[in-house]
> 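For reference, the structure I am asking about is given below.
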Amino acid sequence: MNRFAQVWRTSTVRLTATFIAIFIVFAILLMAFIGWQSSVQIQRQQTDDIDREIRQFQRIENNQGIRALAFAVNRLSSQPGPGIYFLGDAAGLYLLGNVADVPAEVVINPGVYSFDYERPNPLGDDVVEEGRPPRQREGIAVVRSIELGNGMRLVVGRDVVERRGYSAIILQSFMVGVVGIVLFSLIAGGITARRVLRRIDTIQQTSTKIMSGNLSERVPVTRRNDEFDALATNLNAMLDRIEQLLQGLKEVTDNVAHDLKTPLTRLRNQAEAALRDTASVETREQALENVIAESDRLIQTFNALLMIARVEAGAPSGALSEINISEIVADVAELYGPVAEDEGIAVETRIAEGVRLKANRELIGQAMVNLLENAMKYARPEDGKSGRIDVSLSQQADRVSISVADNGPGIPDGERKRVLERFVRLEKSRSETGSGLGLSLVNAVARLHGGTFRIEDNAPGVRAVLEFPAR
């Protein structure tokens, strides 16, 4: 009972029950309409047959006389079937026909009537008094009576017992059909609800396992390619993303602990050295300068983390607006040109003019700064080879591409996606400056603007490519 109540509370079963009820009501109304139309059609056909025979009798009486009419009535009366015939004199007394006990009102007053009668033997044998045939069975007649031109009375009709029997058959079939529809609908609804609930229970059980801590569980996907498979696919993709985020959070936590422990330790050691009694004024001033420098680097790291979080949350510092991205890329390249030249690095630009994009100016500029600083770090001249950075901006039909390429040592294929994560640094000793957040911020900016960011092989070096939709 509890299981039934639990099942009944589900939306699936209630919707199924609603559709079953609608189907049953519609089927009942349709069958009732068909039965009613069948009965009406039979009744109309009987009425047409009666009117046609009366017109035929009138033509016989007008063209051939009363004897021919009597012969025709007698011939039709002797044939088996539902036909009812009565021919009487001007006073309404029975002369011919297969029904003798027609009510006087029917005979005297022309019109359409319905009455009960006793049906005689159509063979007409065993004649009794007054020339009437023996009574055989009861019936119900629908007749039309008329007065002929010579004053005689003619009644023509049909026995409707057979029609009512047919109506009873229709009603019986209707009831059987209703019961069959109800049973079939209940069975079909039960099977449908059971299958739907089984799929929902599978999703619920998987969700319970995931909430208990087993993040590797996934919702099973069948080969039906129905809406539940689409839902399961989306849920699995969401679970994969959540697992990736949690794994990334774990890695970020480890990297933050590793990257912050060293500068904080240096801060403490330098402050402790400055507080010694034997420390000179110059030593203390140098220690304070080092503390400020280390603090600035820590603040820069946290600012980068905050900016990445803000960008990934879809809430940039300023709304997206129409900007001239050509000017931004050219300005950043021009700003870093002298700095790169002092490092022995040549910066070459190929920037298409007048390219406009709906974007955030601050974030696009910060992404360009990160790309150029990263390129300058690895494009330093060594072994007689000069450093080189190529900055390009182009626009295709539906894409805007920004490329920053260098001729440094490059990045292995297996590491090109990993370097986009936070705090990932290929230099294992972490002796180089940097926090491993630059490319992660660029990737977040690309996603915010509906674009993509990828790192390609430049042979030698790497090419960082930012692509945005033109509209």
Side-chain angles (χ1 to χ4, degrees), residues 259 262-263 266 286 289-290 292-294 296-301 303-304 307 325-353 355 362-394 401-420 423-443 445-446 453-467:
D259 285 357
T262 300
R266 287 199 299 264
Q286 184 64 38
E289 292 177 359
N290 292 336
I292 293 174
E294 290 289 349
D296 288 340
R297 282 194 290 270
L298 290 175
I299 292 173
Q300 185 179 6
T301 299
N303 286 337
M307 181 172 287
I325 195 170
S326 299
E327 293 180 355
I328 297 176
V329 175
D331 290 344
V332 175
E334 183 180 358
L335 177 65
Y336 275 83
V339 179
E341 186 177 353
D342 292 342
E343 297 286 341
I345 302 172
V347 178
E348 301 290 337
T349 60
R350 295 189 304 276
I351 301 175
E353 297 182 355
V355 178
E362 175 190 354
L363 295 179
I364 295 295
Q366 184 63 53
M368 285 301 304
V369 168
N370 290 1
L371 291 177
L372 282 170
E373 288 184 348
N374 190 75
M376 289 175 57
K377 184 186 301 184
Y378 296 103
R380 294 173 181 172
E382 55 184 12
D383 298 333
K385 182 182 64 174
S386 61
R388 180 183 178 87
I389 297 176
D390 293 321
V391 180
S392 65
L393 170 66
S394 62
S401 298
I402 301 174
S403 172
V404 177
D406 62 66
N407 61 344
I411 300 176
D413 291 343
E415 301 289 341
R416 290 175 186 170
K417 289 186 177 179
R418 199 173 71 87
V419 295
L420 303 183
F423 293 105
V424 173
R425 298 169 63 182
L426 299 182
E427 196 266 317
K428 302 298 183 181
S429 64
R430 297 180 180 260
S431 59
E432 295 284 347
T433 59
S435 59
L437 296 174
L439 296 182
S440 179
L441 176 60
V442 176
N443 190 38
V445 171
F453 176 54
R454 66 181 183 274
I455 296 178
E456 301 174 347
D457 187 11
N458 194 40
V462 296
R463 179 186 296 107
V465 181
L466 264 173
E467 286 192 349

> Would you find a donor on one side and an acceptor on the other, under 3.5 Å apart, between the side chain of S326 and the backbone of A352?
yes
> Kindly state each residue pair satisfying side-chain hydrogen bond (donor to acceptor under 3.5 Å, both in side chains) with at least one member in residues 328-337, sequence neighbours excluded.
Y336-E373
> Take V445 and F453 through the side-chain contact (heavy atoms from CB on, under 4.5 Å) test and state the conclusion after the steps.
CA-CA 9 Å; V445 171; F453 176 54; over 6 Å; no
> May I have the step-by-step check of side-chain contact (heavy atoms from CB on, under 4.5 Å) for N374 and V404, ending in yes or no?
CA-CA 10 Å; N374 190 75; V404 177; over 6 Å; no
> Between CG of D390 and CG of N458, what distance do you get to the nearest 0.5 Å?
7.0 Å
> I need the I389 CD1 to N407 CG distance, nearest 0.5 Å.
8.5 Å
> Within the structure provided, determine whether I325 and I402 are in side-chain contact (heavy-atom separation under 4.5 Å).
yes
> Quick one: pull up OG in S403 and CG in L393 and give me the separation to the nearest 0.5 Å.
10.0 Å
> Any chance you could lay out the side-chain contact (heavy atoms from CB on, under 4.5 Å) test for V332 and V369, step after step, and finish with the verdict?
CA-CA 7 Å; V332 175; V369 168; 4.1 Å; yes
> Just do the side-chain contact (heavy atoms from CB on, under 4.5 Å) check on N370 and L439 with the steps written out, would you?
CA-CA 7 Å; N370 290 1; L439 296 182; over 6 Å; no
> Using modelled atom types and a 3.5 Å cut-off, is there a donor and acceptor pairing between side-chain atoms of S392 and backbone atoms of R350?
no
> Of the non-hydrogen atoms in R388 and I345, which two are nearest, and what is the gap between them?
N-CG2, 3.9 Å
> Going by the side-chain hydrogen bond (donor to acceptor under 3.5 Å, both in side chains) test, which pairs reach into residues 337-349, not counting sequence neighbours?
none
> Hey, what do you get for CZ (R463) to CD1 (I455), rounding to the nearest 0.5 Å?
12.0 Å
